[in-house]
*Asks:* 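Pasting a structure here, questions to come.
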Amino acid sequence: MHNMKILVIGSGGREHALAWKLKQDRHHPEIFCAPGNAGTAALGTNLPIKAEDLAGLLVWARQHKPDLTVVGPEAPLCAGIADRFQAAGLRVFGPCQAGARLEGSKQFSKEVMAAAGVPTARAATFTDAAAAKTYVKKNGAPIVVKADGLAAGKGVTVALTPAEAEAAIDEALVARAFGEAGNTVLVEEFLDGEEASILALLDGEHVVLLASSQDHKRVGDGDTGPNTGGMGAYSPAPVVTADLLPFIREEIFGRMLCELKRRGINYKGLLYAGLMLTKAGPKVLEFNCRFGDPETQAVLARWEGDMIPALEACLDGTLTEALVRWKPEPSVCVVVAAGGYPGPYAKGDAITGLEAANAVPGVTVFHAGTALQNNSIVTAGGRVLGVTAIGTDLGAAVKRAYAATGEIHFKNMQFRNDIAWRALQRKKACEGC
Ligand code: AMP
Ligand code: GLY
């Protein structure tokens, strides 16, 4: 029988988790990863093609004909990889370029949300610094300044004073710190509440929510220090109570799907909503057109059964709730990063203890910024590993994840000691009542 071939595009922890989950399918697919990391190399074949090299990826795919391509990062999606693969007769999981604009342009995303009636922070758009500052003066702080385009997670400033907001406006519109991505800025109402991530599968007609999760964006314990790509995650996020799910499914994702369709955009793939759970209900902070990182590591650890049928159903327009099932056990992913991250950091340091970490019950160590060098595994990025565990309860999962993290060593490694603290605190508070 023809052995199914899957191409995973990207090189982070999210992609290792996707490759890991896809590989477990009952049909035992052959996995290719472009460019992958040392973790994906152990599951299949890494290809020396960058995720942004659309032409190179297309050449390989035309020649090797993968049965399915799964796109991890936003850059190739925003550059139109799904459209190009489809035009070449290749099956690809990920939205078309027009749909990926929900992440590629915050202004476009706001416009679609407004037309769809989806709850989000009030915002105004500016290309002129003086006009933006006048708006800040009128509205006061706290207030949020966002670069319109893709700014590698660095384009958002939550300003606690008008002066901070003005500095952020100057950074984007005058100093052009984000290049073209910052030619337009959004100045947006500050929303108060707890954040959660909801990933959903969309097939152009139907929405199926994946298990909820919560990311930890700040580098330091207690949510201190600069923002990062994400220092850890856990699933489910108990702050997303069952009574919120119908609202999130229908009033957020359902309305977006409907409005996209009205605009002639057939969204097939994953849509990620970053939500603020405010006193007035869930409001959208941002949409991403792809799986979250590190949320995916925590969420996929809980996915029960095969994943390929659900992804294929997204392409075929046959998505149903029955295709997505969850293990009841909660999961936790602790990101181990290189010292200095999210600022400058070293690469090429040897990593030890991976085998012992993987041997801790319930633990899978997902690689992110790792590479193979003379048969040993070395650091190759800011976020290096995602130590992921499931357990009978969240406390047990956290214990396992940190026991495994304790086995791992590399020069100047750093990680947060408090992943899942909000959920653990909530639990404690409940036990007391
Ligand atoms: P974003 O990339 O738009 O999700 O923004 C990055 C982070 O900035 C979010 O995860 C929030 O912690 C924070 N943030 C963004 N928008 C707002 C807002 N309107 N109010 C409060 N915090 C925000
Ligand atoms: N964890 C945040 C993101 O993937 O954008």
Side-chain angles (χ1 to χ4, degrees), residues 10 12-15 17-18 71-75 77-78 100 102-110 113 119-124 136 139 141-160 164-165 168 172 178 181-182 185-199 210 212-219 223-235 237 270-280 282-300 333 335 337 342 366 368 382-383 386 416 419 422:
R14 162 184 55 206
E15 286 77 14
L18 283 164
V71 187
E74 62 277 14
L77 291 166
C78 291
L102 286 180
E103 177 164 2
S105 167
K106 290 186 189 291
Q107 185 180 5
F108 173 72
S109 180
K110 280 281 181 200
M113 280 189 257
T120 184
R122 258 182 296 113
V136 167
N139 287 277
I143 197 160
V144 183
V145 179
K146 300 185 175 185
D148 173 57
L150 295 179
K154 296 192 174 77
V156 176
T157 302
V158 178
L160 299 178
E164 262 180 79
F178 311 111
V185 297
L186 273 75
V187 182
E188 153 172 321
E189 170 197 10
F190 173 82
L191 297 176
D192 201 13
E194 191 172 330
E195 283 180 58
S197 304
I198 301 287
L199 317 186
L210 303 190
S212 64
S213 56
Q214 190 174 60
D215 186 10
H216 299 59
K217 290 211 164 86
R218 304 294 196 96
V219 75
D223 296 325
T224 53
N227 261 326
T228 68
M231 291 299 288
Y234 63 96
S235 172
L270 190 122
L271 185 59
Y272 162 139
L275 301 180
M276 187 66 90
L277 304 172
T278 74
K279 285 203 178 101
K283 295 191 181 184
V284 176
L285 290 173
E286 62 163 350
F287 280 111
N288 294 323
C289 62
R290 41 132 189 115
F291 286 93
D293 189 340
E295 290 95 327
T296 300
Q297 292 85 313
V299 169
L300 293 192
C333 170
V335 168
F366 294 119
R383 290 189 290 173
R416 275 182 62 163
I419 300 304
R422 284 179 198 275

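Below, each value reflects all heavy atoms present in this structure, side chains not excepted, and no hydrogens, waters or symmetry copies. Counting starts at 1 for both ligands and their atoms, following the listed order.
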*Asks:* Taking N or O atoms only and a 3.5 Å limit, does N227 qualify as a polar contact for ligand 1?
*Replies:* no
*Asks:* Applying side chain to side chain donor-acceptor pair (under 3.5 Å) between E188 and each of K110, K106, R122, report the one that passes.
*Replies:* K110
*Asks:* Is there a donor-acceptor pair closer than 3.5 Å between any side-chain N or O of R290 and the backbone N or O of Y272?
*Replies:* no
*Asks:* Check ligand 2 against G292 and write out every atom of the ligand that is under 4.0 Å from a heavy-atom position of the residue.
*Replies:* 4 (O)
*Asks:* Which is it for H216 and ligand 2 at heavy atoms under 4.0 Å: side chain, backbone, both or neither?
*Replies:* neither
*Asks:* Given that the side chain starts at C-beta and the backbone is N, CA, C, O, which of these parts of Y272 lies under 4.0 Å from ligand 2, counting heavy atoms, or is it both or neither?
*Replies:* side chain
*Asks:* Taking atom types as modelled, is there a side-chain donor on E194 or Q214 under 3.5 Å from an acceptor on the other?
*Replies:* yes
*Asks:* Closer than 4.0 angstrom, basic N to acidic O: yes or no for D223 and R416?
*Replies:* yes
*Asks:* May I ask you to check whether M276 has an N/O atom sitting below 3.5 Å from an N/O atom of ligand 1?
*Replies:* no
*Asks:* My understanding is that we take every heavy atom of each candidate and find the minimum distance to atom 2 (O) of ligand 1. Doing that for E103, E189, E195, E286, which one comes out nearest?
*Replies:* E286
*Asks:* Taking 4.0 angstrom as the limit and counting only heavy atoms of G229, give me the atoms of ligand 2 inside it, by number and element.
*Replies:* 1 (N), 2 (C)
*Asks:* Using a strict cut-off of 4.0 Å, indicate which atoms of ligand 2 neighbour a heavy atom of D215.
*Replies:* 1 (N), 2 (C)
*Asks:* Pull out every atom of ligand 2 sitting under 4.0 Å from any heavy atom of N288, numbered as shown with elements.
*Replies:* 5 (O)
*Asks:* Among all the protein's non-hydrogen atoms, which is closest to atom 5 (O) of ligand 2, and how far away is it?
*Replies:* R290 NH2, 2.9 Å
*Asks:* Between the side chains of S105 and D148, is a donor N or O closer than 3.5 angstrom to an acceptor N or O?
*Replies:* yes
*Asks:* Between L275, L285, T157, V145, flag the one that comes closest to atom 23 (C) of ligand 1 by a heavy atom.
*Replies:* L285
*Asks:* Looking only at N/O atoms, are K217 and ligand 2 under 3.5 Å apart anywhere?
*Replies:* no
*Asks:* Under 4.0 Å from ligand 1, counting heavy atoms only, is it the side chain of L191, its backbone, both or neither?
*Replies:* both
*Asks:* Taking atom 8 (O) of ligand 1 as the point of reference, which of V156, N288, D215 owns the nearest heavy atom?
*Replies:* V156
*Asks:* Hey, which atoms in ligand 1 end up nearer than 4.0 Å to a heavy atom of K217?
*Replies:* 10 (O)
*Asks:* Go through ligand 2 atom by atom and flag the ones less than 4.0 Å from a non-hydrogen atom of E295.
*Replies:* 1 (N), 2 (C), 4 (O)
